[in-house]
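Data block below; observations after.
Naming convention: chains lettered A, B, ... in sequence-line order (proteins, then strands); numbering from 1 in each chain.
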Amino acid sequence: MPELPEVETIRRGLAGELTGSIFSGVEIINESSMPESSSLGTELLLDQEIVGLRRRGKVLIIDVGKNYSLLIHLKMTGQLILERPDGGREGGGHPTKAMVSALPDKSTRVVFDFSDGKRLFFNDQRKFGWIKLKDRGEVEQDSLLMRMGEEPLEAGFIEEVLRKKLRGRKAPIKALLLDQTTVAGLGNIYVDESLHLAKIHPETKAIDLNDEQIAKLHSSIVNIIRTAVRLEGTTLRNYLNHRGEKGGYFEHARVFDRTGLPCPECGEEIEKIRVAGRGTHICVNCQRK
DNA sequence: AAGAGACCCTGTTGGC
DNA sequence: TGCCAACAGGGTCTCT
């Protein structure tokens, strides 16, 4: 479930803790969580320093020394939790009780140790997430990163780019927004939110959107993602972060996970339907087909 | 080429 | 209350 705002929040949190830290150990508990690690052995990380953390779409990139990078995708249930020697925690991802209980636990797939005593746990209940160790020079060649569309919060994401991506496409707009080659970093939550703000029905074929609607969709995506990053992403249900705080974007959600509750624009009951194989929240009054 | 659907995985939810 | 099918979903793969 971590999308761009959640991954960015994790990136910022970890950057403050791990920049300059030196790897002293790597324990792979679940082999499939670290695919391709046989070609470049993880022992290459030992005694290497973390020099920076970047993000591309939903992929977190940890640059290590001069020559290596770790690419991390949390998919739906991945978490990165940093434990300090004093027991303090930092991190995030899909909320589970792992955030408040002893680590490692049964969802822990990989553990990184650092010479300053900090430990980074990669927890992933459903094992869909992955960590890949790559040569720095190969990061840009990664097929997922290469195909990825524009970053919604960067200057390259202009209305015309979105218009071009959608031109002639007959798929429902929701399916295209979930496709990372259209725009980087959007997932189920922020697609629903952006479409509601833009007053566009998720089943609308992209080819049927007029210029005005695409302009509104573009500004809505920027608006929603910017707001979500500012609020440090969305946390569901009773999750508390490391500071004991709840909330963030979730409490500002327009339609997501608000089935049966009133639309913030018109008061109509929010409905849950299925579009592109995904649970989809809409206001049938604001979002007409 | 584009679009639809299966698949991966496991804890949770809901129907009977 | 208990059981079990359905569900959740990002990206990749296959099929049409």
Side-chain angles (χ1 to χ4, degrees), chain A residues 1-8 10 29-36 55-61 71-80 92-101 104-110 122-132 142-149 151-152 164-195 202-209 225 228 233-239 250 253 255-260 271-281:
Chain A
M1 198 115 27
E3 305 178 25
L4 188 161
E6 290 74 33
V7 178
E8 177 62 18
I10 292 165
I29 296 169
N30 180 61
E31 289 289 335
S32 67
S33 295
M34 237 171 135
E36 305 168 22
R55 179 191 56 74
R56 181 76 174 95
K58 302 172 191 173
V59 178
L60 181 69
I61 304 168
L71 270 54
I72 304 177
H73 201 306
L74 300 173
K75 293 291 182 85
M76 281 85 68
T77 58
Q79 304 174 292
L80 286 169
H94 188 75
T96 73
K97 60 183 179 182
M99 296 298 284
V100 290
S101 60
D105 64 19
K106 63 179 176 180
S107 294
T108 303
R109 310 303 178 196
V110 184
F122 176 58
N123 271 33
D124 185 20
Q125 185 177 285
R126 289 180 217 170
K127 299 183 180 176
F128 284 8
W130 45 253
I131 300 177
K132 295 175 184 173
D142 180 88
S143 70
L144 176 61
L145 299 193
M146 260 179 27
R147 300 197 312 265
M148 217 173 262
E151 288 288 327
K164 249 183 176 166
K165 292 275 188 185
L166 301 180
R167 187 167 294 156
R169 302 292 299 268
K170 293 175 182 168
I173 183 62
K174 169 147 183 173
L176 295 176
L177 293 178
L178 288 172
D179 183 342
Q180 300 299 291
T181 68
T182 306
V183 185
L186 303 186
N188 208 35
I189 297 174
Y190 300 113
V191 167
D192 280 6
E193 294 290 284
S194 299
L195 287 170
E203 287 173 331
T204 311
K205 293 176 181 179
I207 197 172
D208 291 336
L209 293 171
I225 295 296
T234 300
T235 50
L236 295 178
R237 300 183 181 85
N238 54 3
Y239 162 71
F250 185 55
V255 289
F256 190 80
D257 205 27
R258 287 176 44 81
T259 311
E271 292 183 13
K272 187 168 185 180
I273 61 173
R274 204 157 184 86
V275 182
R278 297 287 178 255
T280 301
H281 310 79

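- The salt bridge (Lys or Arg N to Asp or Glu O under 4.0 Å) search around E203(A) returns K289(A), not counting sequence neighbours.
- Within the 4.0 angstrom heavy-atom criterion, only backbone atoms of the sugar-phosphate kind lie near K272(A); the bases stay farther away.
- No engagement by R109(A) is indicated, since no non-hydrogen atom pair under 4.0 Å with the nucleic acid exists.
- A search for side chain to side chain donor-acceptor pair (under 3.5 Å) contacts involving R55(A) returns E8(A), E151(A), not counting sequence neighbours.
- Residues forming a side chain to side chain contact (heavy atoms under 4.5 Å, CB included) with A175(A) (at least two apart in sequence, or on another chain): P172(A), A276(A).
- For L144(A), taking side-chain heavy atoms from C-beta onward, the closest of the listed nucleotides dG10(C), dG11(B), dG11(C) is dG11(C).
- Listed pair R147(A) / dT12(C) meets the phosphate criterion, a side-chain N or O lying under 4.0 Å from OP1 or OP2.
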Provide a list of protein-nucleic acid N or O atom pairs under 3.5 angstrom, restricted to nucleotides 13-16 of chain C.
none

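- Using a 4.5 Å heavy-atom threshold, the side chains of M148(A) and R56(A) count as touching.
- Counting heavy atoms from C-beta on, the side chains of I189(A) and D257(A) never come closer than 4.5 Å.
- Residue G279(A) is in sugar-phosphate contact alone, with no base atom involved, counting any heavy-atom pair closer than 4.0 Å across all strands shown.
- For I29(A), the side chain to side chain contact (heavy atoms under 4.5 Å, CB included) criterion is met by E27(A), T108(A), V111(A), not counting sequence neighbours.
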Base-contact (B) and sugar-phosphate-only (S) positions in nucleotides 3-8 of chain B, heavy-atom cut-off under 4.0 Å, - elsewhere: SS---B

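- Applying the side chain to side chain contact (heavy atoms under 4.5 Å, CB included) criterion to K164(A), with sequence neighbours excluded, gives E160(A), R167(A).
- In this structure, the side chain to side chain donor-acceptor pair (under 3.5 Å) partners of T181(A), at least two apart in sequence or on a different chain, are D179(A).
- Here R147(A) pairs with nothing under the salt bridge (Lys or Arg N to Asp or Glu O under 4.0 Å) rule; sequence neighbours left out.
- Note on the helix from dA2(B)-dT16(C) to dC16(B)-dG2(C): terminal axis deviation equals 60°, with five pairs used at each end and the result rounded to 10°.
- K58(A) is linked by a side chain to side chain donor-acceptor pair (under 3.5 Å) to nothing, counting only residues two or more places apart in sequence or in another chain.
- Residues meeting the side chain to side chain donor-acceptor pair (under 3.5 Å) test with T280(A), sequence neighbours left out: K174(A).
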